[in-house]
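Since the structure comes first, as structure tokens, the remarks are kept for the end.
The chains referred to below are lettered A, B, ... by the order of the sequence lines, with proteins before strands, and numbering in each begins at 1.
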Amino acid sequence: MTSNYFEIIHAKGHASIQDLGRLNAQHLGFSASGAADEYAFLTANQLISRNLQLDPVKQSSCAAIEITLGQLTLRAQASCTIAITGADCQASINNTVIDNWQCHQLSRGDILAFAMPKSGLHSYLAIKGGFSCQAKQQPWLGSLAQTQNEMPLGFTGNPLTLGSKLYFIAQPASQTPTRQQSVKHDINFYATEQLTLRFMANPLFLKMSARQQQTFFATDYVISADSNRMGYRLKPKAKNITATPAPILSSALRQQCLLSMPVTYGMVQLPANEQPIVLMKERQTMGGYPVLGTVMQTDLFRLSQMRPGANVNFRLINPQQAIQQLLAFYQKFNEL
Amino acid sequence: MTPQLQQLEINPQCRLTLVAENALLLSWCAKVCSAQHQDIINIQHLITEHFGAALISAVASYHCLMLYLPPQLLLSAQTSHIIKQIVSRYYQTKAGSKTNTTANTIQIPVYYDTAQQWDLAEVARRCKMSVEQVIELHTSQHYRGYALGFTPGFCYLASLPESLHLPRRASPRLQVPQGAVAIAEQQCAIYPVASPGGWHIIGQTPLAMYSTQQGQFSATIAVGQNVQFRAISKAEFTALAPGSTQ
């Protein structure tokens, strides 16, 4: 029996295994899923590949533990090097607080604890070769990512909870990172207060009047409490106006969007209550609400760390610019 | 800044739009039409064949085909032009030849349980007919699988006879049983696993909606396939149900 695992000894928040997702099985109805914040996820894997001198491209797709709202404690059953990133959970090893956005060395029996973060939502715990919740677990349709709605199918192990084991590959004891090869993470990546979501219009948006389009861009939205890994629900910020504003989407245009269609990451749906839903990583593959456009992916990584009550608004971006920004984003993680 | 679309009109029925950094959407008229849907599936095959492993996924529905491709391939307009060519050529060759749409029909056994607490009696009442008439109408129709989605193996089937059209339930159920046969508006579907659901449940099938073999997943009802329902007794349901010892 392998002892190369962590055991969860306390779990109060939500934790799951995530990688870059299962994008190639959407035609079968599987959610693409994957790490909510790819910036923090990829940084964690980059820290590991730099410290242990691994192939950065190979390590970048290895599964990490996504810890949502902290409150997770694990015991290492074997020595290993880990990286922690994302929401700052005041992580500690045997009650000594350790730095976030860093690699750390653990010995057999060490207790790694994540407290509730003061800001942000998701933290990442990465390791050489990645984690799995069963020993020698094979990826399911190319990915180990866990999707809450698909857990009853049983293809990706059990939900992480008290007593769960998180397996990793054996690490030689000499692999201790002697010097901290720190990865300069960009502290300006995340929004401090209001996040502007850069948005690519779709054909429906162009059928709206200029006034309706302006209303959409001029509205400040608040993130609702029922937002999650599937979607972020937004409500217009209350203003001191007495008159009911004209709808953003006329009922005539709404009538053109009755049939379900494939939907993707970042699409902005507008249900009849005019409260937009931004589709996130655990979205379903089909949607039935009208779609106004798509938020660019690098802004979705930022959005995924924002809590209910925070403010967002939308601004136009041209699709080519969004593609260039995404490619530049990934390029940074493929360098040694 | 005025909204810009990266869009190509392929023909009067079909246009191609860049909808995300890694996705192009082919869209047709918003209608439930088996001939149009067959064109979509045929084009899906041609595009899959052309791009091979570069195509991440192609998702078809009633009137759309979503094509997931690496962002690098969407930087230039060339990819869009290749897709435009594939679609245009398809319609040109199609015009000169007979179309072949002889898909096989899958039979789905359904236990329409009048004693259960599900929605069969309520559907009959709201459609102003007897429970037997609902079963008769539901089993007499031929359906077509238009899209897979919602959950793995969940296939959107259409069209339901018009006299059975009902809006979705006002609030969705938290738990719908595995194999539930449900209707909403012009659609019908089977829930592959227990999940939340907002459609009206009129029966239950013992048939598994998916199978797995050597790490591959296959849905029992394929997109483009024809479907017919067949009423079975409680004894048959029990005998066919997974885990049955008979």
CD/B:Gln213: more than 12 non-hydrogen atoms of other groups inside 6.0 Å: no
Closest approach of B:His63 to A:Ser260 (non-hydrogen atoms, all atoms of both residues): CE1-O, 4.2 Å
Engaged part of A:Met200 at the chain B interface, taking heavy atoms whose separation is under 4.5 Å: side chain
Closest-packed option against chain B by number of heavy-atom pairs under 4.5 Å, given A:Thr285, A:Thr264, A:Asn202: A:Thr264
B:Val223/A:His27 under side-chain contact (heavy atoms from CB on, under 4.5 Å): CA gap, chis, key distance, verdict: CA-CA 9 Å; B:Val223 174; A:His27 63 289; over 6 Å; no
Contact winner vs chain A - B:Val193, B:Leu55, B:Leu74, B:Leu65, heavy-atom pairs under 4.5 Å: B:Leu74
Exceeds 12 heavy-atom contacts within 6.0 angstrom, atom CD of B:Gln36: yes
Which atom of B:Ser57 lies closest to which atom of A:Leu23, heavy atoms considered: CB-O, 3.4 Å
Part of B:Phe154 within contact of chain A (heavy atom distance under 4.5 Å): neither
Part of A:Gln325 lying under 4.5 Å from any heavy atom of chain B: neither
Contact origin within B:Ala219 toward chain A - heavy atom pairs under 4.5 Å: neither
Euclidean distance, B:Gln7 CD relative to A:Leu206 CG, rounded to 0.5 Å: 8.0 Å
Residue B:Tyr111 excluded, over 12 heavy atoms near OH under 6.0 Å: yes
Smallest separation among heavy atoms of A:Trp140 and B:Gly215, with atom names: CZ3-O, 3.7 Å
Check: B:Glu21 side chain, A:Gln297 main-chain N or O, donor-acceptor pair, under 3.5 Å: yes
Chain A contacts, top residue of B:Tyr68, B:Tyr146, B:Tyr62 (heavy-atom pairs, under 4.5 Å): B:Tyr68
A:Phe205, part contacting chain B, at a heavy-atom distance under 4.5 Å: side chain
Donor-acceptor contact below 3.5 Å, side chain A:Thr294 vs main chain B:Ala20: no
A:Phe155 portion near chain B, given a 4.5 angstrom heavy-atom threshold: side chain
Which atoms of A:Met296 approach chain B - backbone, side chain, both or neither, heavy atom under 4.5 Å: both
Contact origin within A:Leu259 toward chain B - heavy atom pairs under 4.5 Å: both
Chain A contact via B:Leu25 - which portion, at a heavy-atom distance below 4.5 Å: side chain
B:Gln186 versus chain A, the contacting section by heavy-atom distance below 4.5 Å: side chain
Region of B:Ala60 that comes under 4.5 Å of a non-hydrogen atom in chain A: backbone
B:Thr17 portion near chain A, given a 4.5 angstrom heavy-atom threshold: side chain
A:Pro203 to B:Arg15 - nearest heavy-atom pair and separation: CB-NH2, 3.4 Å
Derivation and outcome, side-chain contact (heavy atoms from CB on, under 4.5 Å), residues A:Leu28 and B:Tyr210: CA-CA 10 Å; A:Leu28 301 170; B:Tyr210 64 88; over 6 Å; no
For chain A, the option from B:Leu18, B:Val19, B:Leu75 that forms the most heavy-atom pairs under 4.5 Å: B:Leu75
B:Tyr156 versus chain A, the contacting section by heavy-atom distance below 4.5 Å: side chain
Interchain contact, B:Ser218 with chain A, by part (heavy-atom threshold 4.5 Å): neither
Structural part of A:Val291 lying under 4.5 Å from a heavy atom of chain B: neither
side-chain contact (heavy atoms from CB on, under 4.5 Å) between B:Asn22 and A:Tyr265, worked out: CA-CA 10 Å; B:Asn22 63 344; A:Tyr265 189 34; over 6 Å; no
Candidate pair B:Val59 and A:Met286, rule side-chain contact (heavy atoms from CB on, under 4.5 Å), full reasoning: CA-CA 9 Å; B:Val59 185; A:Met286 290 285 162; 3.6 Å; yes
Option that, when pairs with chain B are counted at under 4.5 Å, heavy atom only, ranks first among A:Glu150, A:Met261, A:Gln26: A:Gln26
Flag if over 12 foreign heavy atoms under 6.0 Å of CD, B:Glu162: no
Nearest-0.5 Å distance that lies between atom CG in A:Leu326 and atom CD in B:Gln72: 8.5 Å
